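Chain identifiers are assigned alphabetically (A, B, ...) following the order of the sequence lines, protein sequences preceding nucleic acid strands; residue numbering begins at 1 within each chain. Heavy-atom basis, side chains included; hydrogens, waters and symmetry copies ignored. Since the model is a prediction, treat every value here as computed from it, not as a measurement.
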4 protein chains.
Amino acid sequence: MENGKKSLKEKKVETIRHILDAATEVFADAGFAGARIDKIAERAGVNKAMIYYRIGDKEALYTEVLHNVFGDAAERIARNIEQGQPPEEKLKNYVMNMASLLERHPYLPHIMMREMASGAHHLNEVIATDLSRILGVISGILDDGVKKGAFIRTDPLIVHMMVIGVMLLFRVSMPVREIFYTLLHDKGIKKSSFKDMVGEIEKLVLRALKV
Amino acid sequence: MENGKKSLKEKKVETIRHILDAATEVFADAGFAGARIDKIAERAGVNKAMIYYRIGDKEALYTEVLHNVFGDAAERIARNIEQGQPPEEKLKNYVMNMASLLERHPYLPHIMMREMASGAHHLNEVIATDLSRILGVISGILDDGVKKGAFIRTDPLIVHMMVIGVMLLFRVSMPVREIFYTLLHDKGIKKSSFKDMVGEIEKLVLRALKV
Amino acid sequence: MENGKKSLKEKKVETIRHILDAATEVFADAGFAGARIDKIAERAGVNKAMIYYRIGDKEALYTEVLHNVFGDAAERIARNIEQGQPPEEKLKNYVMNMASLLERHPYLPHIMMREMASGAHHLNEVIATDLSRILGVISGILDDGVKKGAFIRTDPLIVHMMVIGVMLLFRVSMPVREIFYTLLHDKGIKKSSFKDMVGEIEKLVLRALKV
Amino acid sequence: MENGKKSLKEKKVETIRHILDAATEVFADAGFAGARIDKIAERAGVNKAMIYYRIGDKEALYTEVLHNVFGDAAERIARNIEQGQPPEEKLKNYVMNMASLLERHPYLPHIMMREMASGAHHLNEVIATDLSRILGVISGILDDGVKKGAFIRTDPLIVHMMVIGVMLLFRVSMPVREIFYTLLHDKGIKKSSFKDMVGEIEKLVLRALKV
DNA sequence: AATGAATGAGGATTCATTCAT
DNA sequence: GATGAATGAATCCTCATTCAT
């Protein structure tokens, strides 16, 4: 039950959350250079100066957004690896985790793709470390599979990029796909949901890796 | 006369090429909003006003760049499908074509990723048509493979996205990978060249699709 | 009870003193336009709103500072004129008083110079009256000297400006002089203390005025 | 005869002059922090962006102004020392030169006083060198006078500061003096022109220094 | 055909000041 | 009495675009 009375600190925390949420959306939509502080402030329902008071300049705000999104992502991934399962299960798990990560952070794909396209200048070491933990996970799974005779030996980076790449593209390409579906509906290409896609990826990746 | 004497028309064409080349690099580096007309002019070795004189405003310039890059890409793809080969060969061909496309257009990945992250607002119908032709090709290959009992039935869009996704990520992530390699060299992850990666993809995709 | 227990009124007075001291320093350092309320609050160890609560807006704060510095100065000067001395002694006294005034108010030179450079908009009539009392003093001394046949007739304003001018410059130019000393130490120019300078001024002014 | 036709380069030079003139006035009036780029642009009759296009940011503009004013001053002083005169003449010359310098640069006093009050942060080495040349001149004159038995030995820096100090104060205090004159006209203090003052200074300084 | 000069419109950032508790 | 939260109004600065030659 919202009781209407908020302490000063609660209000402050809430304000910060509003700002970061708005900033995440706007940066995802428009990129760093295209984002407008005015728009972020408006969408957050705060005065423009508030952003500087609470967070700092555009750069600081962007970094904060990146850290929020990627920090949570990395933590979540690292937590979700269950030991003692057969490699196939672990791999399915990994795909599922990646998928649910993107569902939880709908703006991650946009931000990530842009970041990489920009040379990842903002993905400084802290964030790079976060990401490297994810890579460590898939690497471990594949190694385990190879040891147990379940998987062929492959480059884990490429496997990860295939999984992540198709998911990013899928999420990010929604508006383009609308056009394609219209243009291509007579060629046997039909809409698929994110869930459909995840199932398909799981299947294809397992087929590709299994001995 | 090849020797230094250029006709007016040749100079004009050359100027336009300089502008478009410079614009391609700058847009790839910085995105539409982050690109600076000043920088494009400087890199092209022309006066800023020249850009407006020859091509038009920033929007027009960007569209021109997109069309140059994607138009050539689409044309090249459509040309390279050889009939009468077995589906496996066609698929290998398709992967190779995609790969050589990216080698020929080193800025395409950056631009494409950003475009999609922005909601593909600039990929208007003309360009969408270009892309849809590519999709038609892979769709045809997969259909053929299914008909001939060589491939399992899959969603061609997902297959395409996997192939394209990993390639885009690979090209675009060069700077980030440098960090990762440093962080992860003890986890059995090692540098691979674009060629290595293409071979690996070919292998994995065929394994995933073959009955 | 002197020991740590302060009455509410004492705390209030102390707070005000902290604010005014901090404000004096900051205004002296940066001038009116360059001074930052934030910085004054921080240096005073109080909350920014406190300044408005206790004193008022930036303008009021500045006026208060000016009055504090100049008010005390004028009072002190007027008090220190001893009657019945020979004019030479009175003049020495006047120079000494000016000098000790500046030692007591290290920020007065900076504030005064800036105020004059700004057209003395803040030196409103109240403060102008303060200053005019000082001028009355030197004027009286010179008149007395002329009457007694000790001094030549001169413009008291110019004498005052010479004395005050060199002292202000001396105090204010400390940082620049450091550079000059380095550049000029081979031209026979060497560091002098404020005391040295005061003695020299006394000597020169007396030589200039004595019949 | 203005012929109305100006070459591009002439226009450019003129624009820069307008900007620097306006900036000099505004910085003199309001100091660095108080100066408004808008006001400078308006007073120069140019668009605000022009200032950034031609000169740079506020800091650069200020430095340019300082260099213009002080650079010319230093050069003029160094040129005007005539050799072979008796020391008294040289000293008179020096006072006259200082005076005419201030008549030529009516904003120099305001800017200089503020600069010193701010700790002379912008008077970087280049400008310090300019100023030190002036000091070298007066130093030489006094030395010469001492050698020829005409002057007592004094600290040239103090002599210089007395001369410069009273002149700066005189020029800068015009608005305040108006108040004083009103308040003090019954105490025998009357308006004097800059010329009057210069004559008086010359007299006093010579009396102070002559053996 | 080509370019240096110039600017309007907008965007990031700052800062004195007020408000609510 | 005291202070953290919040903001309106500048203020500096940038950049795509146009103009005049």
Map every base of DNA chain E to its dot-bracket character, where paired means a Watson-Crick or G-U wobble contact with both distances under 3.5 Å and | marks a partner outside the strand.
.||||||||||||||||||||
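The interatomic distance linking B/Ile19 (CD1) with E/dA1 (C1') rounds to 12 Å, in whole Å. Following rounding to the nearest Å, A/His18 (NE2) and F/dA6 (C1') show an atom-to-atom distance of 14 Å. The distance between atom OH of C/Tyr62 and atom C1' of E/dA16, rounded to the nearest whole Å, is 17 Å. For D/Lys9 and E/dT3, the NZ to P distance is 19 Å, given to the nearest whole Å. When rounded to the nearest whole Å, the span between NZ of D/Lys12 and C1' of E/dT3 equals 13 Å.
Residues A/Val26 and A/Arg36 fail the side-chain proximity criterion, which asks for heavy atoms closer than 4.5 Å. Counting heavy atoms from C-beta outward, B/Arg54 and B/Lys12 have side chains that approach closer than 4.5 Å. Inter-residue side-chain proximity for D/Met112 and C/Met113 is flagged as unmet; no heavy-atom pair is nearer than 4.5 Å. Side-chain contact check for A/Phe27 versus A/Ile40: some heavy-atom pair is nearer than 4.5 Å. Using a 4.5 Å heavy-atom cutoff, the side chains of B/Asp21 and B/Arg17 are in contact. Taking 4.5 Å as the limit, some side-chain heavy atom of A/Glu64 sits within range of a side-chain heavy atom of A/Asn68. Residues C/Ile37 and C/Tyr52 form a side-chain contact, since some pair of their non-hydrogen atoms from C-beta on lies under 4.5 Å apart.
Separating the CZ atom in A/Arg114 from the CD atom in B/Glu115 is a distance of 9.0 Å, to the nearest 0.5 Å. Separation of atoms CZ (D/Phe32) and CG (D/Leu61) is listed at 8.5 Å; rounding is to 0.5 Å. Put simply, OH on C/Tyr53 and OG1 on C/Thr15 are 11.0 Å apart, with the number rounded to the nearest 0.5 Å.
Annotation: proximity of residues 51-59 of chain B to DNA chain F (heavy atom, distance under 4.0 Å) is found for B/Tyr52, B/Asp57, B/Lys58, numbered in ascending order. Residues of residues 30-50 of chain A that place a heavy atom closer than 4.0 Å to DNA chain E, in numerical order, are A/Ala35, A/Arg36, A/Ile37, A/Lys48, A/Ala49.
Comparing B/Thr15 and D/Thr15 by the nucleotide of DNA chain E whose heavy atom lies nearest to each, the residue mapping closer to the 5' end is B/Thr15.
Under the side-chain contact (heavy atoms from CB on, under 4.5 Å) test applied with A/Leu108, the options A/Leu66, A/Val69, A/Thr24 reduce to a single match, A/Val69.
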